[in-house]
There are 2 protein chains.
Amino acid sequence: MTSLPATFAALSDATRFAIVERLMATGARTAGELADVAPISAPAISRHLRVLREAGVIEQRIEGPKRIYSVRPQAIRAISDWTMDHRTFWEGSLDRLARALENRELDE
Amino acid sequence: MTSLPATFAALSDATRFAIVERLMATGARTAGELADVAPISAPAISRHLRVLREAGVIEQRIEGPKRIYSVRPQAIRAISDWTMDHRTFWEGSLDRLARALENRELDE
DNA sequence: GAGTTAATTAACTCATAAGCTAAATTGTGT
DNA sequence: ACACAATTTAGCTTATGAGTTAATTAACTC
């Protein structure tokens with residue numbers, strides 16, 4: 001359902017990425033409070049919020065006429081888990097690179 | 001330079017994601033060896049490889065008539081670092097704290 | 001230097017995505 | 001019920017992206 005590529009797609013837009021960072025830093029916020037993440041119209045922000053919600057990155061709590069948004073921790077955790085699944089790849093490779101630089105040996 | 005949204009954009013396509021997973025699992029591979037990640041034409045694969053390369057996710061080594069591709073460990077590490085920057089957000093919000101604590105030795 | 005192999009670039013089509021303005025929706029206060 | 005405030009939905013325009021086939025580049029072999 002919420003596949004990793006779908007999550008990445010949601011975070012691939014600079015405005016949406018900024019929204020997510022803002023929400024993680026400050027906690028839940030209304031759509032109006034997120035208006036200044038980018039110089040675009042309110043409908044545009046609203047659309048981005050919808051995309052993030054449909055991708056499972058954020059969730060919406062309705063409180064009166066306001067919509068309060070927050071990041072779903074699972075979404076970020078899923079990304080973290082994926083990188084950790086491949087930890088041996090990038091950790092080991094970086095080690096090799098570091099060693100190669102130290103030894104001035106660039107084999108393979 | 002290679003911003004995180006740009007990296008996410010590169011990984012937002014299912015075919016490109018599959019290419020990256022394949023490369024991480026098997027190590028460096030030629031374009032031809034990646035042909036079967038999706039039922040699309042060779043030019044389509046080539047285009048995906050270019051997108052991944054321009055986003056800094058993979059790199060190319062030319063060897064005769066072959067192009068050998070591999071994932072740049074820094075790209076995956078950058079994603080991991082980002083999730084870790086916000087670790088307090090998603091860790092604190094989840095009930096899976098135990099597992100996180102178990103992995104603490106891997107921090108830093 | 002012609003042929004073969006490996007892969008890319010070119011030119012094009014079609015679908016999706018992002019932006020806008022204007023209209024509609026939904027709850028709150030009078 | 002009426003007006004207001006906070007957002008979203010609708011309808012439209014334009015840009016980007018993924019796929020195709022055909023043509024091109026690049027390096028090795030005979």
Side-chain angles (χ1 to χ4, degrees), chain A residues 1-23 26-72 75, chain B residues 2-23 26-72:
Chain A
M1 192 89 80
T2 45
S3 71
L4 223 37
T7 302
F8 289 147
L11 294 172
S12 70
D13 180 271
T15 298
R16 287 195 294 269
F17 184 76
I19 288 172
V20 169
E21 290 232 290
R22 169 79 67 89
L23 287 177
T26 67
R29 284 289 180 276
T30 65
E33 289 169 330
L34 294 167
D36 64 323
V37 296
I40 56 177
S41 65
I45 295 283
S46 180
R47 208 171 221 314
H48 282 307
L49 289 170
R50 171 190 262 269
V51 171
L52 284 168
R53 189 156 50 82
E54 287 177 351
V57 175
I58 65 173
E59 61 191 357
Q60 189 187 55
R61 189 173 87 241
I62 297 180
E63 204 170 277
K66 295 178 181 176
R67 270 78 165 178
I68 299 171
Y69 292 95
S70 54
V71 174
R72 292 181 66 240
Chain B
T2 46
S3 73
L4 223 37
T7 302
F8 288 148
L11 295 171
S12 69
D13 180 88
T15 298
R16 287 195 295 266
F17 184 76
I19 288 172
V20 169
E21 291 231 291
R22 167 80 66 89
L23 288 177
T26 68
R29 283 289 180 275
T30 65
E33 288 169 332
L34 294 166
D36 64 324
V37 297
I40 56 178
S41 64
I45 297 284
S46 180
R47 187 157 261 300
H48 282 307
L49 289 169
R50 169 189 265 270
V51 171
L52 285 167
R53 190 156 48 83
E54 287 177 349
V57 175
I58 65 174
E59 60 190 359
Q60 191 187 53
R61 189 176 85 241
I62 297 181
E63 202 168 279
K66 295 180 181 177
R67 269 77 166 178
I68 299 170
Y69 291 94
S70 53
V71 174
R72 292 181 65 240

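By convention in this document, chain letters (A, B, ...) are assigned in the order of the sequence lines, proteins followed by strands, and residues within each chain are numbered from 1.
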#### Entry: Sub-4.0 Å heavy-atom contacts from residues 11-19 of chain A onto DNA chain D, ordered by number
none

### Query
salt bridge (Lys or Arg N to Asp or Glu O under 4.0 Å): which pairs involve residues 33-45 of chain A, sequence neighbours left out?
A:R22-A:D36, A:R29-A:E33

### Message
Can you give me the first and the last nucleotide of DNA chain C (5' to 3') that has an atom within less than 4.0 angstrom of a non-hydrogen atom in chain B?
### Response
C:dA6 to C:dT9

#### Entry: A:R72 side-chain N/O to A:E59 backbone N/O, donor-acceptor pair under 3.5 Å
no

### Message
Base, sugar-phosphate or nothing for A:R47? Non-hydrogen atoms, less than 4.0 Å.
### Response
nothing

### Message
Taking the nucleotide of DNA chain C with the nearest heavy atom to each, does B:T30 or A:R67 sit closer to the 5' end?
### Response
B:T30

### Which atom of A:S70 lies closest to which atom of A:A28, heavy atoms considered
CB-CB, 4.0 Å

### Task
Taking the side chain as every heavy atom from C-beta outward, state whether B:L4 and A:L11 have any atom pair closer than 4.5 Å.
no

### Query
When the distance from NE2 of B:H48 to P of D:dG17 is rounded to whole Å, what number comes out?
12 Å

### Query
So, is A:Q60 close to the D:dT7 phosphate, meaning a side-chain N or O under 4.0 Å from OP1 or OP2?
no

### Query
Taking atom CD1 of A:I40 and atom OG1 of A:T15, what is their separation to the nearest 0.5 Å?
4.5 Å

Could you pull out all donor-acceptor pairs under 3.5 Å where a side-chain atom in residues 41-51 of chain B meets a protein atom, sequence neighbours excluded?
from  : atom 1 : to    : atom 2 : distance (Å)
B:S41 : OG     : B:A44 : N      : 3.4
B:H48 : ND1    : B:R16 : NH1    : 3.1
B:R50 : NH1    : B:E54 : OE2    : 2.7

### Message
Which heavy atom of A:A55 sits nearest to which heavy atom of A:A10, and what is that distance?
### Response
CB-CB, 3.6 Å

### Task
Report the base-pairing partner of D:dG19 (Watson-Crick or G-U wobble, both distances below 3.5 angstrom), or none.
C:dC12

### Message
Tell me whether the rings of A:F8 and B:F17 are parallel (<30°), tilted (30 to 60°) or perpendicular (>60°).
### Response
tilted

### Query
Who passes side-chain hydrogen bond (donor to acceptor under 3.5 Å, both in side chains) against A:R61, sequence neighbours left out?
A:E63

### Message
In this structure, how many angstroms lie between the P atom of D:dC28 and the CD atom of B:E63, rounded?
### Response
10 Å

### Within residues 31-44 of chain B: residues closer than 4.0 Å to DNA chain D (heavy atoms)
B:I40, B:S41, B:P43, B:A44

### Message
Using 0.5 Å steps for rounding, measure from the CG atom of A:L23 to the CD1 atom of A:I58.
### Response
6.5 Å

### Message
So, taking the atom named CG in B:D13 and the one named CD1 in B:I19, what distance separates them when rounded to the nearest 0.5 Å?
### Response
8.0 Å

## Note on the structure
From CG of A:L52 across to P of D:dT8 the rounded distance in Å is 12 Å

### Task
Grab the CD1-C1' distance between A:I45 and D:dA6 for me, whole Å please.
14 Å

